[in-house]
Amino acid sequence: MTTLATKKTARKAEKAEAAVGKIRLATAWLGGCSGCHMSFLDLDEKLIDLAETVELVYSPIADVKEFPHNVDVTLVEGAVANVDHLELAEKIRQRSKLVVSFGDCAVTGNVTSLRNKFPVEDLLTRVYHEGPGAVPRGGETDKIVPALIPRVLPLHQVIEVDAFIPGCPPDPERIWAAVSALLAGEPVVLTEKMRMFG
Amino acid sequence: MVESRTRSAASPDLPHPSGDPRFALIDRTLKRFRFQQDALIEVLHTAQEAFGFLEEDLLIYVARQLKLPLSWVYGVATFYHFFSLQPQGEHNCIVCMGTACYVKRAAEIVAALQTAYGIEAGQTTPDGMLSITAARCLGSCGLAPVLIVDGQVLARETPETAIAAVQLAIEASAAAGNGRSSQLDDSYDEEGDL
Amino acid sequence: MKRSDLQAMARRELERQQAVRCRLLCCASTPCLSSGAATVQQALEQAVTDNKLDAEVAVVSTGCMGPCSRGPMVTVQVAGQEDIYYENVTPESAQRIVVEHVMANQPVAEKIMPSDLPFFAKQHKIVLANSGLIDPERLEDYVARDGYSALAHALREMTPEEVCAEISKSGLRGRGGAGYPTGLKWDLVRKAPGEKKYVIANGDEGDPGAYMDRTLMESDPHRLLEGMAIAGYAVGADQGFLYVRGEYPIAAKRLEKAIRTAERRGLLGSRVLESSFSFRIDIRIGAGAFVCGEETALMASIMGRRGQPTPRPPYPAQSGLWECPTLINNVETFGNIVPIIAHGADWFASVGTAKSKGSKIFALAGKVDTTGLIEVPMGITLREVIYDIGGGVGEGHTFKAAQTGGPSGGCIPAEHLDTPMDYESLRALGAIMGSGGLIVMDNASCMPDVAKFFMEFCTDESCGKCVPCRVGTVQMHRILERITNGSATAADLQILEELCTMVQETSLCGLGQSAPNPVLSTLRFYREEYEAHIQRRECPAGVCKMTEAPTLALMEALPRRIRELGTIPMSLA
Amino acid sequence: MAVITMTINDELVSGVEGQSLLTLIREQGIELPTLCHLEGLEARGGCRLCLVEVQSTHRLLPACTTTAQEGMAIQTHSERLVRYRRMILELLFAERNHVCAVCVMNGRCELQDEAAKIGMDHVRYDYLVPELPLDASHDKFIIDHNRCILCTRCVSVCDSVEGAHTWDVMGRGVNSRVITDLNQPWGVSRSCTSCGKCVQVCPTGALANKGSTVAEMVKRHDFLQWILDGREKKQWVMQNGGSEGRR
């Protein structure tokens, strides 16, 4: 899709100096439950090893507002469910060398895609008007919630994806096997057990 | 003992308990094929001809007579496009969607009819007045695109002539004093697009 | 009935026919009936009676004469004169034909279809030799044209082995599409061990745009029965099934009548022609499933089951109906048997090409001047068929493609118009002979759209037993839908091509194996059309509406927040 | 029983005449996936996963329905075959609504297993997202059509082993569905004996015990061999020649 040669700025050199030799890692959170990120945190002591080799440049667990340029590896959790996801996914692809679908929602749509049987309008009515609890009436636009796309899509049906880590969530061993391979610049080869969906 | 003998003797020969004479037609086919299970499709053909569609009761009757499992009969009845488990409309319009008709834009005729009557091909209007069917190939390719309205073959149709022909058929039966159809005409008038 | 009785019947019928001065043949095949042939025939009969001509003029309803788009057709036969064809006959012109032509010997010029037209001249009628000349509902008419004498000859003069050898020698190949050598198949069934054997005539002609088999069944039913009986004798079967497509009520009715008549006269049933050979034929009516054209699915259907195919081997020749050896041939194949036995294998083999012998019937339809049913020698070029017989695509139109073989076939472009029509040449082009549907398209047809049409057909007709066909065709159809609505990407085309090969190689039966053919052949010859749809979102033929776009291309135009005005295109789904 | 010799993946092997290719291949310790075939039920050739290359023909043949013959040369894992198997699995995952994470069979599902084995780690086709029901009307079991892959093992076992023929398939093509009786709720079926054989042979979570939740369902196929062996050895036939079973 988009080559990495685009939008190389002076800022890149500046950053590179700050983290010499470190791999620029990002993790992103689209339509998912954050379970994959929880599992990522379950890498426990391996996180310390990881911190020595990578710089976490963007992540729900790091306070960065804008997806940065020149990312080496991005793990994407969650399926593409709304226009913000579409926009972020496109940005991720443009600014990352390697994009990894991280967990079943990104890989297959999974639980997030269970809503695909319903038209968006019915879905909103069902959840926000007929669902439990008090709801704001009227259906006026609130300018906050991003517009939903008609069907939730797995990430690779929106942008090109380089590797897949299935699992709901992928357990820490799987994540480590994949991430350590990626960081070593090797292709991600998961064992049969580690490839299992669910 | 006695009871079981009467029961077994009863099944093939006595008329259907409902007394509906149309069952006699089915029985005739059953006998012609000596109640062989292989005759299922032939029997279903007869049943559909006699009753117009295959309602549940009918399928149960056929299954019992041929000593076939219910699911088997249902599976066969739903495999073949000829058999219908739903009642058909009073009028029917079949649009040929064979290749020759398609090349001569039969799809536009189907689309126009669907818009005009608010149903998809294969459906019947809620009032039971009209069924629209897209047929595979009627084999009258020289006359493409072809339409069959209530059994009458119409050649070289356009979306406009097709709607006119269907409307004519519906109005003809309305004029014949059918209460249901005159009601229908009113509703069409209200919509104003016909 | 013995052979001598047959000859006597023929004599009597010929005398009867020669007793009248003039015969008015009125086509009573489905296309002509659709254009009002029944009222034309009534008008003819009325005019004959009104003018007190009953003794000297006979009105006969016959089978198909060929030029279906010009129907209703009427032929006037006057002894000692050339037959005259009338086209587009109405009840009024029927009256004039009787008054002016029959009575005053002044043919009605403006309704005449000249018989020296290439439409007639380039044809070679073997299977349809009787079609349009005899009354399909009268056994005597058939017998008068040497009907059942081939069967009598085979029963008396030939051993089953010799019959098989004669068919092999003729070079006849299956007319249902694949072109398997018929004689070889017969011999396999003949040699197969088994007490009980069956013969099946496949009349489940499902290709949209094809109606060769219907015409033969409607126009000359006894020829088919006789062919089947010869086959029964050759392979050692005593029971035949005629599987007639459900959409062909007239054919079924005529065949039923023909079977009853033949049985009554001892030409079918027990002890055929007073020989030791017995052969019953039963009709089975299809119920609307294209897949039943596949032989194993058809047999499932005859046995009253869901029409799902089973893997071959075992082949029907070893284990078919009720696990007995079964010979299954197409109706048109059986139509060739009588002439081969009657005139000999060498006579038959003199027509056609080296590997494709005899003739082939095509249903010529689409954007040609004269559409209809034609029988041509194998090896005739597509150009001759379309431009000479069919009269071309018409003023102001450009030929674009000829589609053969329906949903299992392919499109042949203009640069291959000089291809001879035979099994091998057509296959080399990615098309197939198929059962004989031949649809001509001009520039108003969009090739990806045509491919989509056929794929939708296959999706609908897939029986659902094997995964590649059941789901693969749906996925291919989805991609074709995206291509024709403007939302496809280059990746889609690649996935489509991969799926085509996979579905072709892994599907259980012929339906799935051939379902990708229309896509593959249009991709081969009209790839730039696909590319125009994908890269420029343009339909060169102007057929596709291109209302959608690929997901990310639309980003700018999307509504951003929930319930903001604007629609998100369904291509995102 | 005559012995035959042939080659599988260029290794010389011997088998017994009349044996299916699948049996022979598996006897060699070669893993060949099957989703419709199950030992003990009639071979069907529907899932197309066990297709193999046979040298004498250009067509790929399903190992389950093809009889092993003297002199055959078979390839079971060519690049093309593995690629096609992966595509078939992708097609199956895209066909209905398979969500492994919330499935009763998660971790024990044959479909999920085969995907992992072959390395099918994502689906390139459109998910078709059909609207399909779940029938929980039966006392003991549920059928969730969203997870059905139309292998028809349930139809086969119900017909040939249980003899009830409660199950069959309705419709055709992608709209096919397994049904009980006249497409009625399973719970009201009068032919169903509630034996549960269909549940045990189902390769996915489509048929399951009622009340089992995510990853709880365990299925066993071994009963099948047990019954069929018993039948073959006529273990249930009494001395006087009458049989003691049902009917």
Side-chain angles (χ1 to χ4, degrees), chain A residues 32-33 35-36 39 76-80 99-119 122-123 150-171 174 177-178 187-198, chain D residues 31 33 77 82 85-87 89-134 144-147 149 203-206 208 212-218:
Chain A
C33 69
C36 301
S39 196
V76 183
E77 173 190 341
V80 179
V99 177
V100 182
S101 278
F102 177 35
D104 273 0
C105 290
V107 176
T108 73
N110 200 31
V111 175
T112 314
S113 68
L114 284 173
R115 68 112 152 142
N116 282 355
K117 285 189 196 181
F118 310 103
D122 293 2
L123 185 83
R151 274 194 185 168
V152 174
L153 300 169
L155 187 63
H156 64 269
Q157 289 187 6
V158 177
I159 58 170
E160 207 167 292
V161 171
D162 304 297
F164 298 85
I165 312 176
C168 182
D171 53 40
R174 254 185 234 203
V188 178
V189 183
L190 298 175
T191 63
E192 186 186 317
K193 280 274 164 264
M194 288 184 177
R195 287 197 294 250
M196 196 86 96
F197 294 124
Chain D
E31 279 196 41
H77 285 78
V82 174
R85 280 181 200 136
R86 185 198 151 108
M87 289 169 86
L89 288 170
E90 286 180 69
L91 288 176
L92 279 173
F93 270 96
E95 185 182 16
R96 294 197 174 182
N97 307 302
H98 296 279
V99 185
C100 298
V102 295
C103 178
V104 290
M105 281 289 276
N106 189 6
R108 296 184 194 86
C109 168
E110 292 180 41
L111 179 65
Q112 190 187 25
D113 263 359
E114 296 304 347
K117 271 185 202 155
I118 217 155
M120 192 226 84
D121 59 3
H122 69 291
V123 173
R124 289 165 302 165
Y125 312 126
D126 278 5
Y127 286 95
L128 301 180
V129 199
E131 184 77 52
L132 291 164
L134 182 151
D144 184 350
H145 294 282
N146 293 290
R147 297 170 183 154
I149 56 167
T204 70
S212 48
T213 75
V214 174
E216 283 184 355
M217 187 68 202
V218 184

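This is a predicted model, so every value here is computed, not measured. In what follows, chains are A, B, ... by sequence order, proteins preceding strands, each numbered from 1.
Between A/Cys168 and D/Ala101, the shortest heavy-atom distance links the atoms SG-CB, 3.3 Å. Looking at every heavy atom in both residues, D/Asp113 comes nearest to A/Met196 through OD1-CE, 3.4 Å. A/His156 and D/Val123 get closest at one heavy-atom pair: NE2-O, 2.6 Å. Of all heavy-atom pairs spanning A/Arg195 and D/Lys117, the tightest one is NH2-O, 3.0 Å.
Between chain D and the residues A/Thr108, A/Asn116, A/Leu114, the most heavy-atom pairs under 4.5 angstrom are made by A/Thr108. Top candidate by heavy-atom pairs under 4.5 Å with chain A, chosen from D/His98, D/His122, D/Gln112, is D/His122.
Side-chain atoms of A/Lys117 and D/Asn97, non-hydrogen and from C-beta on, do get closer than 4.5 Å to each other. With a 4.5 Å cut-off on side-chain heavy atoms, A/Phe197 and D/Met120 count as touching. Counting heavy atoms from C-beta outward, A/Val107 and D/Asp121 have side chains that stay 4.5 Å or more apart. For the pair A/Val111 and D/Val99, the minimum side-chain heavy-atom distance is below 4.5 Å.
When heavy atoms are compared at a cutoff of 4.5 Å, A/Ile165 does not approach chain D at all. Heavy-atom distances place the backbone of D/Leu128, and not its side chain, under 4.5 Å from chain A.
Atom CD of residue A/Gln157 and atom OH of residue D/Tyr127 lie 7.0 Å apart, to the nearest 0.5 angstrom.
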